[in-house]
**Student:** 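Take a look at the following structure, please.
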Amino acid sequence: MEELIEKVNWEKNNGIVPVIVQDTKGEVLTLAYMNKEALKKTLETGYAHYYSRSQKRIRMKGEVSGNVQKVKEIKIDCDSDALLLIVEPKGPACHTGNYSCFYRKLGEPEKVEGGIDYSLTILRELEELIKQRKEKPVEGSYTSKLFAEGKEKIYKKFGEEAVEVLVAEGRERIIYETADLLYHLLVLLAYNDISLGEVMNELRRRRR
């Protein structure tokens, strides 16, 4: 495996290479990026793992949404600084719910299938931030303060927010209070070292 990984020219783009992702029929699904560790995890598991440049972490495609990509073949370009993945996708590749990220022509408006962000990216980003505030407390941070006060405070706040959702009146207020509830739920999960991905896995298990 290490020999295969070293076939890639990692130095050219500071340890990261672009990855074109196609389905087995040749349709381009997305453009992603990998570092050495992401490629290693892909080879080990048989499922696509990518490096998120914005979050600076490796993630398995579909770790939250369930829209995983089973890798059938990996190709390398002539300069050894880009990869092509042939995959069998389970569900849409795009966070908008569209099958491919390239679902519109230049200049065409956005189109969100079903109006749902299937990637749950904002929850994942919030989860990462909460985890950071737990591991490296920041003065003045409400999240860090919750962790410092401990289980009783965290559980109490979650209970209070659940009640706020129940008594909220009007669409906008329900949305506002639900956002508060989800945040405090993520704090509660982080306190117990439980990831959002584990909860999603349980939901998928029940769906089956």
**Student:** Does CD belonging to E202 count more than 12 external heavy atoms closer than 6.0 Å?
**Tutor:** yes
**Student:** Return the minimal non-hydrogen interatomic distance between I154 and L188, and the atom names on each side.
**Tutor:** CG2-CA, 3.8 Å
**Student:** Does any non-hydrogen side-chain atom of L43 lie less than 4.5 Å from one of I74?
**Tutor:** yes
**Student:** To the closest 0.5 Å, what do you measure between CD (E6) and CG (L39)?
**Tutor:**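 Interatomic distance, E6 CD to L39 CG, rounded to 0.5 Å: 10.0 Å.
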**Student:** Take N67 and K90 through the test side chain to side chain contact (heavy atoms under 4.5 Å, CB included) and record every step on the way to the result.
**Tutor:** CA-CA 5 Å; N67 300 327; K90 180 180 179 182; 5.6 Å; no
**Student:** Are I58 and L85 linked, directly or through intermediate hydrophobic residues, by side-chain heavy-atom contacts shorter than 4.5 Å (ILVMFWY only)?
**Tutor:**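 Unlinked, L85 and I58 end up in two clusters.
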**Student:** If you compare all heavy atoms of E127 against all heavy atoms of I194, which two are closest, and at what distance to 0.1 Å?
**Tutor:** OE2-O, 4.4 Å
**Student:** With rounding to the nearest 0.5 angstrom, report the OG1 to CD distance, T30 to Q22.
**Tutor:** 12.0 Å
**Student:** Regarding K157 and E160, does a basic nitrogen lie under 4.0 Å from an acidic carboxylate oxygen?
**Tutor:** yes
**Student:** Would you kindly confirm whether V165 and Y176 end up in one hydrophobic cluster when ILVMFWY residues are joined by side chain heavy atoms under 4.5 Å apart?
**Tutor:** no
**Student:** So, for R59 and S52, which heavy atoms are closest and what is the spacing to 0.1 Å?
**Tutor:**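 It is NE-CB, 4.4 Å.
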**Student:** Is there a side-chain contact between M34 and L83, using heavy atoms and a 4.5 Å cut-off?
**Tutor:** yes
**Student:** Could you check whether atom OH of Y183 has more than 12 heavy atoms from other residues, nucleotides or ligands sitting under 6.0 Å from it?
**Tutor:**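 Result for OH/Y183: enclosed.
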**Student:** Measuring from E135:CD to F147:CZ, what's the distance to the nearest 0.5 Å?
**Tutor:** 9.5 Å
**Student:** Which heavy atom in Q69 sits nearest to a heavy atom in V21, and how many Å separate them?
**Tutor:** OE1-CG1, 3.7 Å
**Student:** Are L146 and Y191 connected in the hydrophobic side-chain network, where two residues link if heavy atoms are under 4.5 Å apart?
**Tutor:**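 Yes.
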**Student:** Looking at CD of E177 and CG of L166, how far apart are the two atoms once the value is rounded to the nearest 0.5 Å?
**Tutor:** 10.5 Å
**Student:** Could you tell me whether K131 atom NZ has more than 12 heavy atoms of other residues or ligands within 6.0 Å of it?
**Tutor:**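 Atom NZ in K131 is not crowded, with 12 or fewer foreign heavy atoms closer than 6.0 Å.
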**Student:** Once rounded to the nearest 0.5 Å, what's the spacing between atom CG of D180 and atom CG of L185?
**Tutor:**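 Rounded to the nearest 0.5 Å, the CG-CG separation comes out at 12.5 Å.
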**Student:** Run the side chain to side chain contact (heavy atoms under 4.5 Å, CB included) test on K41 and M60 for me, step by step, so that the C-alpha distance in whole Å, both residues' side-chain angles and the decisive distance to 0.1 Å come before the verdict.
**Tutor:** CA-CA 9 Å; K41 287 183 178 295; M60 183 180 81; over 6 Å; no
**Student:** Considering residues, nucleotides and ligands other than F102, do more than 12 of their heavy atoms fall under 6.0 Å from its CZ?
**Tutor:** yes
**Student:** Compare all side-chain heavy atoms of L29 with those of V87 and state whether any distance is below 4.5 angstrom.
**Tutor:**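 Contact flag for L29/V87 side chains = yes.
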**Student:** Determine, stepwise, if the pair V8 / I76 fulfils side chain to side chain contact (heavy atoms under 4.5 Å, CB included).
**Tutor:** CA-CA 8 Å; V8 180; I76 192 167; 4.0 Å; yes
**Student:** How far apart are the closest heavy atoms of L31 and Y33, and which atoms are they?
**Tutor:**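 That closest heavy-atom pairing would be CD2-OH, 4.0 Å.
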**Student:** Test side chain to side chain contact (heavy atoms under 4.5 Å, CB included) on V187 and F158 and set out the steps.
**Tutor:** CA-CA 9 Å; V187 172; F158 177 74; over 6 Å; no
**Student:** Looking only at atom types and distance, does a side-chain atom of K134 sit under 3.5 Å from a main-chain N or O of A190, one as donor and one as acceptor?
**Tutor:** yes
**Student:** Is the number of heavy atoms from other residues, nucleotides or ligands under 6.0 Å of R57 CZ greater than 12?
**Tutor:**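 Yes, CZ of R57 has more than 12 neighbouring heavy atoms, counting only those of other groups under 6.0 Å.
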**Student:** Is any NZ, NE, NH1 or NH2 atom of the basic residue among E152 and K156 found under 4.0 Å from an Asp or Glu carboxylate oxygen of the other?
**Tutor:**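 K156 and E152: not salt-bridged.
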**Student:** A side-chain contact here means heavy atoms from C-beta on lying under 4.5 Å apart; do Y47 and K61 qualify?
**Tutor:** no
**Student:** Assigning hydrophobic clusters by single linkage (Ile, Leu, Val, Met, Phe, Trp, Tyr; side-chain heavy-atom cutoff under 4.5 Å), is V68 placed with I86?
**Tutor:** no
**Student:** What I'd like to find out is whether the side chain of N201 reaches to under 4.5 Å of the side chain of R205, using heavy atoms alone.
**Tutor:**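 They are not in side-chain contact.
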**Student:** If you measure from CG on N13 to CD on E11, what distance do you get to the nearest 0.5 Å?
**Tutor:** 10.5 Å
**Student:** In terms of relative ring orientation, are Y142 and H184 parallel, tilted or perpendicular, with 30° and 60° separating the classes?
**Tutor:** perpendicular
**Student:** Is there a path from I5 to I16 through hydrophobic residues (I, L, V, M, F, W, Y) whose side chains come within less than 4.5 Å of each other?
**Tutor:**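 No, because I5 and I16 fall into different hydrophobic clusters, even though each may have its own neighbours under 4.5 Å.
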**Student:** Consider only side-chain N and O atoms of D23 and Y99, and report whether a donor and an acceptor are under 3.5 Å apart.
**Tutor:** yes
**Student:** Got L186 and L196 here, is their nearest side-chain heavy-atom distance under 4.5 Å?
**Tutor:**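 In contact.
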**Student:** Do any N or O atoms from the side chain of N35 and from the backbone of A38 form a donor-acceptor pair under 3.5 angstrom?
**Tutor:**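 Checking the backbone N and O of A38 against the side chain of N35, a donor-acceptor pair under 3.5 Å is found.
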**Student:** Look at the side chain of D77 and the backbone N and O of D81, then say whether any donor-acceptor pair between them is shorter than 3.5 Å.
**Tutor:**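 At least one qualifying donor-acceptor pair exists.
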**Student:** Please answer whether the main-chain N or O of S100 pairs with a side-chain N or O of N98 as donor and acceptor at a distance below 3.5 Å.
**Tutor:**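 Not at all, since once roles are kept as given, no pair shorter than 3.5 Å links the two residues.
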**Student:** Is any side-chain heavy atom of L181 less than 4.5 Å from a side-chain heavy atom of E164?
**Tutor:** no
**Student:** Which atom pair, heavy atoms only, marks the closest approach of S144 to V138?
**Tutor:**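 Here S144 and V138 meet closest at OG-N, 3.0 Å.
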